[in-house]
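Residues take their numbers from the sequence shown, with the count starting at 1. Both ligands and their constituent atoms are indexed starting at 1 by order of listing.
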Amino acid sequence: MISELISKDDRFQEILERLNRKSVEDYYNPYRMFDWPDSLPEHRWWMSPELTTTFGTDIAAELSEEQLYRLSRFESINFYSLNVDGIRDLIVEVTRRIHTRGFEVPSEFFHHFIGEENEHMWFFAEFCLRYGNKIYRQLEPAGDGETWSDEAASFLVFLRILLFEELVDHFNSTMAADERLHDTIRAVNRIHHQDESRHIAFGRELVSLLFRDLTANGSQEELERVRAYIRRYLNYSFESLFNPHVYRDAGIPEPFAVRRRLLAHPRSAEFQQQVFRKPLNYLVKTGILPDRELGFARTPVGRGNA
Ligand SMILES: [Fe+2]
Ligand SMILES: [Fe+2]
């Protein structure tokens with residue numbers, strides 16, 4: 001039972017207390033935090049070019065500098081839109097569990113988490129609506145049709161939250177430090193990165209405990225299904241960065257064909273390994289996955305939001 005594992009674990013409780021204290025100390029008013037100029041300069045990178053989906057491919061080589069800037073603008077709006085969607089889901093999942101049996105100990109942290117995520121969702125949506133006039137809609141992932149034990153279900157919920165936050169953090173920490181980007185863009189990424197370092201620290205601890213619970217109580221057969229699910233999730237969330245509506249808005253012809261070409265390009269498998277470098281280290285170190293192999297090149301391209 002997870003509540004027993006949590007209440008017997010001094011390390012987890014100490015970390016929780018430290019993170020709760022830090023959330024209170026670092027608390028800020030998000031509605032006063034940022035300068036929101038009326039517009040941001042168009043002839044400039046909106047996202048580090050190395051983080052854009054065409055970087056290092058023949059498609060980027062075919063585009064003018066102006067088109068690359070424009071593409072980075074819409075890719076950044078897609079990235080913040082992914083945040084809005086992902087945060088909605090994780091608020092729902094954490095809200096479902098706060099103050100329920102098994103989650104008594106982390107409930108204090110869940111209050112900070114839900115509050116902070118609500119504020120993150122506000123500033124990401126604000127950015128999209130001010131500077132992109134839209135929030136891109138993502139297609140729902142196809143239902144996996146699997147049934148899970150309670151242990152596996154809780155483990156997968158918090159693992160998905162952690163992996164989503166790790167993916168986002170790779171982008172946030174890179175863009176916060178990138179001097180080519182406008183100050184408002186850097187500030188949004190920097191502030192989010194600061195809050196997420198607490199969420200990620202918490203997520204790694206909780207997911208490790210939930211994994212212990214799963215391996216103690218679950219079957220080998222279910223563990224293998226869990227691992228296959230994690231790889232599918234890592235592929236699905238990576239593919240959601242390649243949004244054909246972004247290519248269309250950037251004025252690139254045949255956006256769906258471009259998406260397929262990009263997903264099949266060897267740079268994409270490399271880019272995926274960069275994006276998930278830290279979480280893959282964690283997954284392999286904890287034994288959650290046996291290796292870093294995601295089989296990305298073998299997944300059928302053109303799925304997801306195409
Ligand atoms: Fe967040
Ligand atoms: Fe978070």
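Phe158 and Val92 are not part of a single hydrophobic cluster, where members link through side-chain heavy atoms under 4.5 Å apart.
Looking only at atom types and distance, the side chain of Tyr131 has no donor-acceptor partner in the side chain of Asp38 under 3.5 Å away. In the model, Ser208 has a side-chain atom that pairs as donor or acceptor with a side-chain atom of Tyr282 under 3.5 Å. Neither side chain, Arg190 nor His193, offers a donor N or O lying under 3.5 Å from an acceptor on the other.
At least one cation-pi condition fails for Arg232 and Tyr229: the charged atom is not both under 6.0 angstrom from the six-membered ring centre and inside a 45 degree cone around its axis.
Applying the ring-ring contact (aromatic ring centres under 6.0 Å, His included) test to Tyr233 and every residue at least two apart in sequence or in another chain returns nothing.
Near the Fe ion (ligand 2), less than 2.8 Å away, sit the protein N, O or S atoms Glu117 OE2, Glu165 OE2, Glu196 OE1, Glu196 OE2, His199 ND1.
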